[in-house]
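As a basis for the values below, the full set of heavy atoms in this structure was taken, side chains included, without hydrogen atoms, waters or symmetry mates. Bear in mind the structure is a predicted one, so any value in this text is a computation, not a measurement.
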Amino acid sequence: RALATAATNSRQVPEALLIFTHIVGSFPELAEGWNKRATLYYLVGNTEASISDIERTLALEPRHFGALSGLGLVYLQQGKLTQAQDAFEKLIAVHPNSPNAQENLRLVNEQIAVNII
């Protein structure tokens, strides 16, 4: 995992994707492997693969803070505001004192309100 994280940090995304794909193949019960690969997919713009890996992460660890946050951000980027709102609400239920989660939910709620008007 350290090698994959180092590859990610140095922007060697293809190498990091290969490593994390090997990790999730070898250790499919490891939620963090799925979450890290989801982050990489997000960084390269493959939001559908990112969502798929986030869903796998959350199936293994429903209270995974990073996965819930990432899911909200992916949905926000896709313009799926109600799904983003749901993800951020779940995130706040897990980590109610997170200022980023509170702010992201506020922004989503504002965008939803603007779209209704």
Side-chain angles (χ1 to χ4, degrees):
R1 204 165 61 178
L3 182 60
T5 301
T8 302
N9 292 341
S10 63
R11 299 292 184 209
Q12 296 172 327
V13 174
E15 292 85 353
L17 276 173
L18 283 173
I19 294 166
F20 279 118
T21 297
H22 177 72
I23 289 171
V24 299
S26 298
F27 306 97
E29 72 287 348
L30 181 64
E32 194 56 30
W34 294 100
N35 187 61
K36 293 285 190 187
R37 192 173 75 167
T39 300
L40 286 171
Y41 280 136
Y42 177 78
L43 290 173
V44 298
N46 189 343
T47 56
E48 292 308 316
S50 181
I51 289 171
S52 178
D53 280 4
I54 290 169
E55 288 173 347
R56 184 63 184 260
T57 303
L58 293 172
L60 293 166
E61 178 51 62
R63 297 174 51 87
H64 193 289
F65 175 83
L68 288 168
S69 179
L71 187 61
L73 293 173
V74 172
Y75 283 140
L76 187 59
Q77 180 184 14
Q78 291 179 332
K80 296 178 179 178
L81 298 179
T82 55
Q83 290 96 326
Q85 181 185 47
D86 182 59
F88 291 132
E89 286 173 349
K90 288 178 181 173
L91 175 58
I92 290 168
V94 170
H95 194 336
N97 297 322
S98 169
N100 289 339
Q102 296 284 348
E103 179 63 14
N104 285 332
L105 181 59
R106 186 188 66 75
L107 291 172
V108 168
N109 287 336
E110 283 181 4
Q111 288 183 23
I112 290 171
V114 169
N115 288 337
I116 292 173
I117 297 175

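- Taking the side chain as every heavy atom from C-beta outward, Gln85 and Gln111 never approach each other to under 4.5 Å.
- Thr21 places a side-chain N or O within 3.5 Å of a backbone atom of Leu17 that can act as its donor or acceptor partner.
- Remark: His95 NE2 to Asn97 CG distance equals 7.0 Å, nearest 0.5 Å.
- When all heavy atoms of Ile23 and Gly33 are compared, the closest pair comes out as CG2-CA, 4.4 Å.
- Across all their heavy atoms, Thr47 and Gln77 have their closest contact at CG2-OE1, 3.7 Å.
- In this structure the side chain of Lys90 never reaches within 4.5 angstrom of the side chain of Phe88, judged on heavy atoms.
- Surrounding CZ of Phe65 are more than 12 heavy atoms belonging to other residues, nucleotides or ligands, all under 6.0 Å away.
- In this structure, Ile51 CD1 and Leu58 CG are separated by 11.5 Å, a value rounded to the nearest 0.5 Å.
- Formation of a donor-acceptor pair under 3.5 Å by the Asp86 side chain with backbone atoms of Thr82 is not found in this model.
- Panel note: side chain Ser26, backbone His22; a donor-acceptor pair is recorded below 3.5 Å.
- If you take CZ on Arg56 and CH2 on Trp34, they are separated by 4.5 Å, rounding to the nearest 0.5 Å.
- You'll find the side chain of Lys36 reaches within 4.5 Å of the side chain of Glu32, heavy atoms only.
- Within the 4.5 Å cutoff, no side-chain heavy atoms of Asn35 are placed close to those of Asp53.
- A distance of 12.0 Å separates CD in Glu110 from CG in Leu81, rounded to the nearest 0.5 Å.
- Without hydrogens or angle criteria, Glu61 side chain to Leu30 main chain gives no donor-acceptor distance under 3.5 Å.
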* Asked: Does the side chain to side chain contact (heavy atoms under 4.5 Å, CB included) test come out yes or no for Arg106 and Gln102, once each step is laid out?
  -> CA-CA 6 Å; Arg106 186 188 66 75; Gln102 296 284 348; over 6 Å; no

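- One hydrophobic cluster, built from ILVMFWY side chains closer than 4.5 Å, cannot hold both Leu60 and Leu68; they sit in different ones.
- How far NE2 of His64 is from CG of Leu71: 12.5 Å, rounded to the nearest 0.5 Å.
- Between Ser52 and Tyr41, every side-chain heavy-atom pair lies at or beyond the 4.5 Å cut-off.
- Taking CG of Leu107 as the reference point, atom CG of Leu76 lies at 7.5 Å (rounded to 0.5 Å).
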